Every structure is written in C-alpha cells, then in structure tokens.
Number of protein chains: 2
Amino acid sequence: MSPRTSPLAKGARSKHSGLQKSAPIFAALGDETRLRLIAVLCAGGALSIAQLTAGTDITRQAVTKHLQVLADAGLVHDIRQGRERLWEFEPTRLEEARRSLDTIAQQWDQALTRLKSMLEQ
Amino acid sequence: MSPRTSPLAKGARSKHSGLQKSAPIFAALGDETRLRLIAVLCAGGALSIAQLTAGTDITRQAVTKHLQVLADAGLVHDIRQGRERLWEFEPTRLEEARRSLDTIAQQWDQALTRLKSMLEQ
DNA sequence: GTTAAAGGCAACCAAATGGTTGCGTTATTG
DNA sequence: CAATAACGCAACCATTTGGTTGCCTTTAAC
C-alpha cells in the first residue's frame, strides 16, 4: 500500500493559506454580546459606550472590552468626540470573512462535483 | 431633550434575534487550526484522526478536541468505521453563518442608503 | 494469538476570556 | 467653580480554552 500522504502537510496547507488569516475575525464574531453590538452598530451609526451599555445586563467596562476585541479584529473603530467615544461599524473586514466562507463553500461544491463525476464513470 | 432610547433594549434586540444563534459557529471557526481542519475536510472527503494529525505540530488529542468543538457547532460529523473514526465536513451550518454575515452586510447597506437619502433632502 | 495501529478517557497545566469592582481623569453643564 | 456624566486604568476573579502526558481499550494484520 502506498503510504497515504498527510493532508495537512506543509505543501497542502499553503493552498488554503488565505483562510487562516480570517480566524481572528471569526473569533471576534464568536460571542453573542459582540454579535449584538455589531448588529446595533451596523444599523444605527456611531454610538457611545454609555449608549451601547444601556439595555444590557453587563457593565460598561465589559462593553468596552468587547468593543476593544472588535476593534482589534478591525470590525469597528472609534471616534473621539469631546468626553464621548463614538463607535462605528467597519464593513471591510466583514467582507473578508464573507469571502472566506464563500471559498470554503466553493471548495466543498467542487469536491462534490469531482466525486459525482468519478461515480459516473 | 427626549431621553435617547437605548439601542440594546429588549425590543430593539429582538429584531436581530436570528444573529446570536450563529455565535457558536463563528466561535468554532475562530481558530487557525480548526479553519485548517475545515479546509482540508471540505476538500478531501472523510479522513481519520491520524490522517488529520499527520503534518501538524500538535498532538492527536489536540486534534480530537478541535474536531469535537467543530462537531458541537455542527460543522463536521464523524463516521465510525472499524477501528477508525472518519470525519466529514457538514455544509449546513456554514451556510447559516454565511447568511448571518449577509444579513449584517445588508443592514449596513440599508443604513447607508437611509443616511444618504437624509442628506439629500 | 501476538503485535501494532487507532483511538478513548482523564488528569493536568498555562494562558486567554468574560466579567466584576474601585478609583482616577477628563470634559460638560448649570 | 462645583457637580456630574463619560470614560480610562488596573487589579482581581472564575471559567474556558488549547494543549500536553499517561494509560487503557478496541480492532486489524501477520
């Protein structure tokens, strides 16, 4: 039997190298509170920390931390304005994440197509 | 001044309720190793734990744990076969995640459109 | 029927995460 | 200028996470 080549070997891995870059974006999206913040921000424009905290059951500090995580992932950015700090949604990185999921879905479809054509022979 | 209603209040939140459901999926995707596993699985069909471990610098146990996380999120499933346990990609939940990102992007576009039309008046 | 491969279980570990509280700073507002 | 609103900083905490090691079980191969 020919020794099965490992699918995760360096060579094979480099083909998918674009994907791993978006792991931090997904990680930032992988929290209910942060998803809620994103949803609110992308619907309502620039909001202050106090505004974003009102109506939640967590502390302002917790919200600040979540916003920082989102900012590190490039999903939001802040605008200093007087004694307030307004936060705004940033769509660029989200598009990256969308393209990543599209890539995966495409590869899956291709694999299915290949499998199908092999079965038809 | 009318008291600014909190954007995260229960009423406003229920409008976006579909989103929070996909937080666990994003969390599962939010790790480089797991993204790599997904990429390999969606390209190569069903693979065993040993195969998935070969070529990585982490332990078989670590891979097992990652696969379990992906399975909990519904992104992969396993097939017992003899002494092996084959893992396969499951596209359903990934589609959910895609739709979530689409929803966010849509809402952002709508917000921009509204803003634009307000500025034009 | 041994031997070796594939995997499961469980304990353990360090670091990251999600959250809190307390207190200090900056900027409005009256 | 005094009061207060909005925020920053830092310490602290429990839990989760990503990973390891050691050992046991199951299954295939010879």
Side-chain angles (χ1 to χ4, degrees), chain A residues 1-8 20 23-38 40-41 45-73 75-88, chain B residues 1-8 20 23-38 40-41 45-73 75-88:
Chain A
M1 194 194 300
S2 71
R4 298 186 267 195
T5 54
S6 60
L8 277 179
Q20 279 77 342
I25 309 177
F26 288 129
L29 294 173
D31 179 279
E32 279 197 34
T33 306
R34 282 192 300 259
L35 268 189
R36 213 178 298 151
L37 286 173
I38 289 265
V40 172
L41 282 181
L47 295 173
S48 75
I49 301 180
Q51 285 177 308
L52 289 169
T53 305
T56 65
D57 46 355
I58 59 176
T59 320
R60 168 181 60 89
Q61 299 297 340
V63 174
T64 301
K65 283 195 183 180
H66 281 302
L67 287 170
Q68 193 54 53
V69 172
L70 290 173
D72 287 345
L75 289 166
V76 301
H77 67 266
D78 64 310
I79 309 161
R80 310 301 296 255
Q81 192 169 313
R83 73 178 158 183
E84 283 186 334
R85 188 174 175 187
L86 303 179
W87 290 87
E88 209 169 27
Chain B
M1 193 197 299
S2 72
R4 299 186 266 194
T5 54
S6 59
L8 277 178
Q20 280 78 341
I25 309 178
F26 290 128
L29 294 173
D31 178 279
E32 278 197 34
T33 306
R34 279 187 309 255
L35 267 189
R36 214 179 295 152
L37 286 173
I38 290 264
V40 172
L41 283 181
L47 295 174
S48 74
I49 300 179
Q51 287 177 308
L52 290 169
T53 305
T56 65
D57 47 355
I58 58 176
T59 321
R60 168 181 60 91
Q61 298 296 341
V63 173
T64 300
K65 283 195 184 180
H66 281 302
L67 288 170
Q68 194 54 54
V69 172
L70 289 173
D72 287 345
L75 289 166
V76 300
H77 67 265
D78 65 310
I79 310 160
R80 311 302 296 253
Q81 190 169 315
R83 75 178 156 181
E84 284 185 331
R85 188 175 174 185
L86 303 178
W87 290 87
E88 210 168 27

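Protein chains get the first letters and strands the later ones, always in sequence-line order, with residue 1 at the start of each. All figures in this text were calculated on a predicted structure; none of them were measured in a lab.
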Nucleotide of [options] approaching [X] most closely (side-chain heavy atoms):
X     : options               : result
B/E84 : D/dG19, D/dC9, C/dA6  : C/dA6
B/R83 : C/dA5, D/dT20, C/dG8  : C/dA5
A/I49 : D/dC7, C/dG18, C/dA6  : D/dC7
A/Q61 : D/dG19, C/dT20, C/dG7 : C/dT20
A/T59 : C/dT21, D/dC7, C/dA10 : C/dT21

Whole-Å distance separating the [atom1] atom of [X] from the [atom2] atom of [N]:
X     : N      : atom1 : atom2 : result
A/Q81 : D/dG8  : CD    : P     : 14 Å
B/D31 : C/dT17 : CG    : P     : 11 Å
A/Q51 : D/dA5  : CD    : C1'   : 13 Å
A/R85 : C/dT26 : CZ    : P     : 15 Å
A/F26 : C/dT17 : CZ    : P     : 17 Å
A/D72 : C/dT17 : CG    : P     : 10 Å
A/H66 : D/dG8  : NE2   : C1'   : 17 Å
A/E32 : C/dT17 : CD    : P     : 18 Å

| task | Take A/G82 and A/V69, find for each the nucleotide of DNA chain C with the closest heavy atom, and name the residue whose nucleotide sits nearer the 5' end. | result |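 Of the two residues, A/V69 wins.
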| Taking the nucleotide of DNA chain C with the closest heavy atom to each, which residue, A/G30 or A/R60, is nearer the 5' end? |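 In this pair, the answer is A/G30.
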| request: Give one of base, sugar-phosphate or nothing for B/A62, where a contact means two heavy atoms less than 4.0 Å apart. | output: base
Spell out, as yes or no, whether a donor-acceptor pair under 3.5 Å connects the side chain of [X] to the backbone of [Y].
X     : Y     : answer
A/E84 : A/Q81 : no
A/R34 : A/A28 : yes
A/T59 : A/A62 : no

| Gap separating the CG atom of B/L75 from the CD1 atom of B/I38, nearest 0.5 angstrom | 4.5 Å
| Taking atom OG1 of B/T64 and atom CH2 of B/W87, what is their separation to the nearest 0.5 Å? | 8.0 Å
| Presence of A/R34 side-chain N/O under 4.0 Å of C/dG18 phosphate oxygens OP1/OP2 |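 Yes, within the criterion.
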| note | Ranking A/K65 and A/W87 by the position along DNA chain D of their nearest nucleotide, the one closer to 5' is A/W87
